[in-house]
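What follows is a single structure, written as structure tokens, with notes after it.
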Amino acid sequence: MKDVYSAIKVTDNVYWVGAIDWTIRDFHGYTTPHGSTYNAYLVMADDITLIDTVKAPFKDEMLSRIRSVVDPSKIKYIISNHSEMDHSGCLSEVIDFIKPEKVFASTVGVKTLKELFHDTHEITPVKDGETLSLGNMELTFMETRMIHWPDSMFTYLAKDELLFSQDAFGMHLASLERFADEIPASTLEYEGATYYANIVLPYSPVVLKTLDKVAASGMKIKVIAPDHGPVWRKDIGWIIDLYKKWASQKPTAKAVVVYATMWHSTEKMAGAISEALAQAGVKVKLLSMNETHRSEVIYEVLDAGALIVGSPTLNNNILPQMADVMTYLKGLKPANKIGAAFGSYGWSGESVKHLEAMLKEMKVEIAAESIAVKNVPDDDVLRKCHEMGKAIAAELLKRATVAN
Ligand code: FEO
């Protein structure tokens with residue numbers, strides 16, 4: 001693969017030497033219809049340094065991009081900011097090939113890399129705030145535990161005012177454009193929010209603390225270089241403000257109604273609830289799990305104030321599509337939501353009870369009495385569903401006003 005791929009200059013001293021994965025469609029349950037990139041960066045200091053590597057099958061693409069700038073054997077240091085395999089899958093092989101003088105990772109990163117690869121490479125731990133001289137410039141490390149794994153850290157290059165942010169500020173978007181300012185803002189916002197909702201959301205309290213820590217550090221940041229998607233080099237405040245908004249999860253006047261249906265009874269109920277919410281002035285997303293992927297649901301839940309869920313009873317339980325999405329949502333820990341449950345049944349009717357219990361486990365505040373209907377809802381039941389929508393809308397509009 002020699003001479004096929006090129007590095008892309010990011011700043012005076014930094015090149016992007018990552019890989020583009022046009023075909024990946026699944027990241028541990030998160031569907032990625034637009035592929036992704038695994039970003040690695042080369043710092044052309046006196047002591048040449050590689051920041052992160054790429055997923056194992058993309059090693060040769062990365063090495064080819066490195067070769068377009070420098071002979072890989074000249075690399076003195078490798079920094080592993082995050083040990084998840086999309087950034088470290090080829091690390092062991094790359095160490096064998098490049099033979100750097102030293103490889104650095106956070107204290108937890110050192111242990112995690114050992115547990116992942118069981119190799120004999122020596123990796124040097126770096127602490128929060130520690131610096132590494134590269135001769136004519138310096139790197140500073142900042143631990144960012146749980147964004148995205150316990151090992152995660154940022155690396156800051158003061159000379160170029162550049163923050164290597166590993167998973168943070170990333171998105172799963174394969175493109176030949178390397179910079180965010182080359183991509184429409186609507187695409188960036190959608191892909192960034194989908195990535196945040198599906199990957200970063202459970203760690204939102206840590207995100208807020210980390211943003212404060214970065215602000216308090218006095219680091220001047222002109223460029224943010226994440227491990228996925230485009231590099232931010234213009235108006236970086238735009239993506240930082242979006243992270244603050246997504247992490248704070250203030251309730252908005254938006255409701256997500258998620259349901260699955262067997263013979264359209266639960267679907268009719270969902271329709272009546274949604275109509276009442278919309279009539280009251282609430283923005284509504286009505287999502288049938290017979291047709292929708294779980295990744296899209298959490299994207300919609302991210303900026304919603306209400307989550308209303310419905311399922312018919314199947315074998316004393318809920319439909320498997322609803323079990324899937326409820327498990328996924330619970331793990332991602334959306335906060336500050338109100339909600340309710342509804343559904344139809346033939347004889348035993350446990351689904352609504354199960355859904356309500358799941359909402360409570362997710363700390364969703366139940367804002368209306370659940371509705372279970374035997375077989376097909378008649379006009380009276382649909383009116384009750386309409387009343388449920390009205391009640392939730394009233395509460396939601398009150399909370400959204402207070403929050404904003
Ligand atoms: Fe892109 Fe948490 O790995």
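All values below were derived from every heavy atom in this structure, side-chain atoms included, with hydrogens, water molecules and symmetry-related copies excluded. Just so you know, ligand 1 is whichever comes first in the structure, and atom 1 is the first atom listed for that ligand.
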(request) For atom 2 (Fe) of ligand 1, decide whether Asp227 has an N, O or S atom at a distance under 2.8 Å. (result)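 Asp227 does not place any N, O or S atom closer than 2.8 Å to atom 2 (Fe) of ligand 1.
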(request) Look at the N, O or S atoms of His87, main chain and side chain alike, and state whether any lies under 2.8 Å from atom 2 (Fe) of ligand 1. (result) no
(request) Could you tell me whether Glu115 and Lys111 make a salt bridge, using a distance below 4.0 angstrom between a side-chain N and a carboxylate O? (result) no
(message) Just checking: His228, one of its N/O/S atoms, less than 2.8 Å away from atom 1 (Fe) of ligand 1, yes or no?
(response) yes
(message) So, of the N/O/S atoms that Glu84 has, which is the nearest one to atom 2 (Fe) of ligand 1?
(response)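 Output for this pair reads OE1.
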(request) Considering just N/O/S atoms, say which atom of His148 is closest to atom 2 (Fe) of ligand 1. (result) ND1
(request) Report the name of the N/O/S atom of Asp167 located nearest to atom 1 (Fe) of ligand 1. (result)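 Checking each N, O and S atom of Asp167, the shortest distance to atom 1 (Fe) of ligand 1 belongs to OD1.
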(request) Kindly give the atom name of the N, O or S atom of Asp86 closest to atom 1 (Fe) of ligand 1. (result)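 Relative to atom 1 (Fe) of ligand 1, the closest nitrogen, oxygen or sulfur of Asp86 carries the name OD2.
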(request) Would you please classify the geometry between the His228 ring and the His172 ring as parallel, tilted or perpendicular, with 30° and 60° separating the classes? (result)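 Aromatic pair His172/His228 classed perpendicular.
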(message) Looking at Ser288 and Ala260, would you say the former's side chain and the latter's main chain have a donor-acceptor pair under 3.5 Å?
(response) no
(request) Please confirm whether the backbone N or O of Thr261 pairs with a side-chain atom of Asn290, one donor and one acceptor, at under 3.5 Å? (result) yes
(request) Evaluate whether atom NZ of Lys209 has more than 12 neighbouring non-hydrogen atoms of other residues, nucleotides or ligands under 6.0 angstrom away. (result)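 Open.
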(request) Answer yes or no: does atom NZ of Lys285 have more than 12 heavy-atom neighbours from other residues, nucleotides or ligands under 6.0 Å? (result)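 Atom NZ in Lys285 is not packed in, count stays at 12 or less.
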